[in-house]
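Below: one structure, written as structure tokens.
Convention: sequence-line order gives letters A, B, ...; per-chain numbering from 1.
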Amino acid sequence: MLDKKYNFTEKEKKWQDYWQEKGIYDFDKNSDKKVYSIDTPPPTVNGKIHMGHLSSYMHIETVARHHRMKGENVYFPLGFDDNGLPTERYVEKKYNKKAHDMPLEEFIDLCLKTTSELEKEFHALYKSAGFSCNLKENYSSISKRTQKISQKSFLELYKKGYIYHAEAPALWCTECQTAVAQSELENADLESTFNYIKFYVENSDEYVIVATTRPEMLPACDCVFIHPDDKKNAHLKGKNLVVPYFNFTVPVICDDLVDMEKGSGVVMCCTFGDNVDKEWQRKYNLPIKEAFNSAGRMTALAGEFEGMKIKQARLAIIEKLKEIGLLVKQENLTHAVSTHERCGTPIEIIVKKQWFIDVLSHKDEILKASEGLAWHPENMRSRFTNWVQNLQWNWCISRQRYYGVPFPVWYCKNCGHVHMASEDELPVNPRSTKPKGVCENCGCADFEPEHDVMDTWATSSLTPQISTDIVTHKGLSDDMIPMNLRPNAHDNIRVWDFYTVVKNLYHFGKLPWKDVMISGYVTSPDGTKLSKKSGNNKNSPQDIIAQYSADVTRYWANNLSLGKDSCFSLDSFDAGKKLTNKIWNASKFVLSFLYDYTPKSVELLPMDKWMIEKYKKVFKSFQKNLDRYEISLALSEVEKLFWGFCDDYIELVKRRLYNPDIYGEQGTESAKYTCYHVLLGMLKMFSVYLPHLTEEIYMDYFAEKENMTSIHISGYLNLGDDIDEEFLKRGEEVMQIVSQIRQFKSENKISLKTFIKDLKISSRFADFIKSCEVDLKAVGSIGELEITDGDYNLTFGEFVLPESEN
RNA sequence: GGGAGUUUAGCUCAGUUGGCUAGAGCAUCUGCCUUACAAGCAGAGGGUCAUAGGUUCGAGUCCUAUAACUCCCACCA
């Protein structure tokens, strides 16, 4: 017997423990059932989870549960991304200490301790949300096992020629003091000043005006560019100009990348002010001059400004130029600047030895291969192709940081030769382990370790391998590739999705997955993005779940459209509360007639068959929609079916259920058969959205009938594939009559149970309606029914008010 | 500048190969204590589907243009 009220706090906890204990969601390694595998996003362990993360996991949940209900062997691993810069920055901030202020080992311990505490919190939240991923064996991106896979990937790609070590311009964050990748950039509109500065022609009184926002780059000036079509300045070509204040000369060169409309139409090239400078340096083989160092402080090249920070030097140099009369004018402007997404510092370009994965020369094959991915929604494909087409930098994977997977690399102290670890040494930390053997090049046994660590994404891009290794134990392998699904939010398309495609193509020549499902962001009611740092996170997942239940939270999440951002609103929580309450009450009511019932086939009454046909129709389209990741559409279908079941069908047949003596055995049995199957079938469909509530009802009654230990592995209920549309139409006509009876009573402001002496019905489906006479009379409280063939029309007779009102 | 999305009821949004009278929840209004549920039920009002053209027997849905908003990318001299 179901309780009078459903206590979600108690029940949800009960079932979460039960599922864990019984291993209901465990992946069966030895099964030969069809596998459905999910490359679950490992959350970055650097703070709190917010409703956006939670909603996106709830989408994955629905998909996983759907495939489980289809009888598939669902592989749904869980991991934590707990290495790299995000973790470092979180730890630095939390303890208000910089990594380089303490011994490396101590810092790493602090990171490990912090992430393990956070992971416990994450774990508890996932459990309280009723997640069906593997909560027992998680992977971590800093574990030894993961490091081994990551290092092996590095060695293999190096052997295959995809990875190279070079002293080349790379994107650099002066705050974090590390190289970064293009995918870690974020645009910011910053206020700046255009400074119009005089460059005198060598040994002449003639000058040209150069506009720059970065006068501190003057000491790194290589040349001045004019456009080939620039008639006004054409005569300068080939002449030398004197760099103001710093007094060295640079040539004037023509290049059509110059924009004559911008600034003064004359531009200085400094190594490296921006991407174009980088291009010009390469094209004209210009000398590389470092005006500032990796810490963002001016070098000796800057003379008296040496040691100043970039911004400080900019102001100082402007003052100096003003003083000596070389600054003609200044203009304020706002321009887009690339900044580091983790700290917001403007990105610089600096030359240092770095490890790179070549992506630029493989753009075409990446694009070609990515055509094989199915994106949900499909329009997200363009973000991926857009990103690949616009790539400008190879993937720099070395970070001058502390907490990450080390490179399995040493350098020979004698000849500088790169010495790679052998596979059997992995995982290895070159900082604490000496290599086996001697230098292949010179025989020297003295090595210097690589101090850099790898980019987090160099490892995270292997989640298909890392996560499946839990069952395959094959490490870097394509055994379970392509996985069925990669789910993530749209911000990760250019990062995690892109890098995973690259790595799997390079290693195996295969795509990592078949489908990609993209969730949107959940924004604050004011439209700003929820994030770990912005602090606009009033509604924590823990609070919401405690207040509304995990099931209702899932209802909310699964009502969001895929790929689309939406404002956080409590509206649909109320709708979810109503729905769960209604499911509880309806089940309680229906089951109260079924406790001694054993399902057996029976000849169905027309309206019972109508209900079954409706179920069949919705079931079919529900399957189709969930197979296509149309999660919210599938939900709204079953929801609509359910409300109709309650308000129309149950109302129609409840008298048959109550009064077998009046309506006969067939009438009652037919209603019981229909109630049993339709309720069971709907609960199974709802189970992918509302796992706790449906489990409670199922386990109370149906589990025994079906001999199952959980609704979630019990399979959907298919009542047949052929749908009798004609029959449905006739049933709808009967419902229209019911609806009109209700309207009549409502308009006359009388109770629905008010007795109506007689009703004349004219319809083209007269015979069918006659066959439903019993139900119509019962639901409408009608005395005599006169049903004739003809155009649709109802004529109401007199009604009798209850005695108390007379 | 390139790309994508959004624009439907007072509010939040569904509406997937074009097809009966454009739907839901919330809100509003009118009723109903109906042998599950008043946290309920029945009913009503409310929409030139952003704008302007076009294709079609038929357009919220397809095409073209315009506008507003959002996102991604580029723009950093």
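Residue A/A211 is classed as a sugar-phosphate contact, given heavy-atom separations below 4.0 Å to backbone atoms only. Residue contacts for A/N386: at a heavy-atom cut-off of 4.0 Å it reaches a base atom on one of the strands shown. Residue contacts shown for A/T212 are limited to sugar-phosphate atoms, with no base heavy atom under 4.0 Å away. Using a 4.0 Å heavy-atom cutoff across all strands shown, A/W387 reaches sugar-phosphate atoms only and no base atom. Within the nucleic acid shown, A/C646 comes within 4.0 Å of at least one base atom, counting heavy atoms only. In this structure, A/R214 reaches neither bases nor backbone, as no heavy-atom distance under 4.0 Å exists between it and the strands shown. Residue-level contact check: A/Q182 touches the backbone only, with heavy atoms under 4.0 Å from sugar-phosphate atoms and none from bases. No engagement by A/W280 is indicated, since no non-hydrogen atom pair under 4.0 Å with the nucleic acid exists. The residue A/K578 sits close only to the backbone: its heavy atoms come under 4.0 Å of sugar-phosphate atoms, none of a base. Heavy atoms of A/D647 sit under 4.0 angstrom from primed sugar atoms or phosphate atoms, though from no base atom.
Geometrically, A/K672 does not engage A/Y597 in a cation-pi contact defined by less than 6.0 Å to the ring centre and at most 45° from the axis.
Where A/D565 and A/R628 each meet RNA chain B at their nearest nucleotide, the meeting point lying more 5' is that of A/R628.
With A/K745 contributing its side chain and A/T754 its backbone, the two residues share a donor-acceptor pair below 3.5 Å.
If you take atom C1' in B/rC29 and the same atom in B/rC37, they sit 24 Å apart, rounded to whole Å. Spacing of P atoms, B/rA9 relative to B/rG46, comes out at 14 Å, to the nearest Å. If you take atom C1' in B/rG45 and the same atom in B/rG40, they sit 22 Å apart, rounded to whole Å. Rounded to whole Å, the separation between the P atoms of B/rG60 and B/rC49 comes to 7 Å. B/rU34 and B/rA50: their C1' atoms are spaced 45 Å apart (whole Å). Going from the P atom of B/rU28 to that of B/rA65 covers 44 Å, rounded to whole Å. For the P atoms, the distance from B/rG47 to B/rU8 is 15 Å, rounded to whole Å. Nucleotides B/rG58 and B/rU21, compared at atom C1', are 15 Å apart to the nearest Å.
Rounded to an integer number of Å, the gap from CG of A/D648 to C1' of B/rC41 is 12 Å. As a whole-Å value, the separation of A/F194 CZ from B/rC75 P is 15 Å. Atom CG of A/L190 is separated from atom C1' of B/rC75 by 14 Å (rounded to the nearest Å). In this entry the distance linking CD1 of A/I741 with P of B/rG43 reads 11 Å, nearest Å. B/rU35 atom P lies 12 Å from atom CZ of A/F593, rounded to whole Å. Atom pair A/K4:NZ and B/rA38:C1' shows a separation of 12 Å (rounding to whole Å applied). Here B/rC26 presents its C1' atom at 12 Å from OH of A/Y555, a figure rounded to the nearest Å. In this structure, A/I493 places its CD1 atom 13 Å from P of B/rG5, rounding to the nearest Å.
Side-chain proximity of A/N581 to the nucleotides B/rC75, B/rC37, B/rG25 is greatest for B/rC37. Counting only heavy atoms from C-beta on, A/S751 has its side chain closest to B/rC33 among B/rA39, B/rC33, B/rG31. Side-chain atoms of A/S561 lie closest to B/rA14 of the nucleotides B/rA14, B/rG25, B/rG43. The side chain of A/D274 sits closest to B/rC76 out of B/rG3, B/rA42, B/rC76. Here the nucleotide nearest the side chain of A/Q743, chosen from B/rC75, B/rC37, B/rA44, is B/rA44. Of the candidates B/rA42, B/rC76, B/rU30, the closest approach to any side-chain atom of A/S338 belongs to B/rC76. Considering only the side chain of A/R383, B/rC72 comes nearest among B/rC72, B/rA42, B/rC76. You'll find that the side chain of A/Q392 is closest to B/rA74, out of B/rC76, B/rC37, B/rA74. The side chain of A/N659 has B/rU35 as its nearest neighbour among B/rG43, B/rC76, B/rU35. Of all nucleotides listed (B/rG31, B/rC75, B/rC13), B/rC75 comes nearest to the side chain of A/A336.
A salt bridge is absent between A/E371 and A/R381: the closest approach of a Lys/Arg side-chain nitrogen to an acidic carboxylate oxygen does not fall below 4.0 angstrom. Here A/E726 pairs with A/R730 in a salt bridge; the nearest charged N to carboxylate O distance falls below 4.0 Å. Between A/K588 and A/D700 there is no salt bridge, since none of the side-chain N atoms of the basic residue sits less than 4.0 Å from a carboxylate O of the acidic one. Between A/D274 and A/R214, no side-chain nitrogen of the basic residue sits less than 4.0 Å from a carboxylate oxygen of the acidic one, so the salt-bridge criterion is not met.
Distance CG/A/N332 to CD/A/E191: 7.0 Å, rounded to 0.5 Å.
Applying the 4.0 Å criterion to OP1 and OP2 of B/rC76, one finds that A/K262 has a side-chain N or O inside that range. Phosphate contact (OP1/OP2 of B/rC75, side-chain N/O of A/N275, threshold under 4.0 Å): present. Contact annotation: A/K640 side-chain N/O to B/rG23 OP1/OP2 distance is not under 4.0 Å. OP1 or OP2 of B/rA14 lies within a sub-4.0 Å distance of a side-chain N or O belonging to A/K564. Phosphate contact (OP1/OP2 of B/rC41, side-chain N/O of A/K582, threshold under 4.0 Å): present. One finds a side-chain N or O of A/S739 lying less than 4.0 angstrom from the OP1 or OP2 phosphate oxygen of B/rG43. Contact annotation: A/Q736 side-chain N/O to B/rU21 OP1/OP2 distance is not under 4.0 Å.
Heavy atoms of other residues, nucleotides or ligands lying less than 6.0 angstrom from CD of A/E261 number 12 at most. Annotation for A/D791: atom CG does not count as buried by contact number, only 12 or fewer foreign heavy atoms lying within 6.0 Å.
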Take A/N581 and A/K578 through the side-chain hydrogen bond (donor to acceptor under 3.5 Å, both in side chains) test and state the conclusion after the steps. CA-CA 5 Å; A/N581 191 40; A/K578 275 176 64 171; over 6 Å; no
Pairs counted as Watson-Crick or G-U wobble with both distances under 3.5 Å: what dot-bracket string results for RNA chain B, using | for bases tied to another strand? (((((((..((((.....[...)))).(((((.......))))).....(((((..]....))))))))))))....
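Under the 30°/60° scheme for interplanar angles, the aromatic rings of A/H376 and A/Y629 are found to be tilted.
Centroid-to-centroid, the aromatic rings of A/Y701 and A/Y595 come within less than 6.0 Å.
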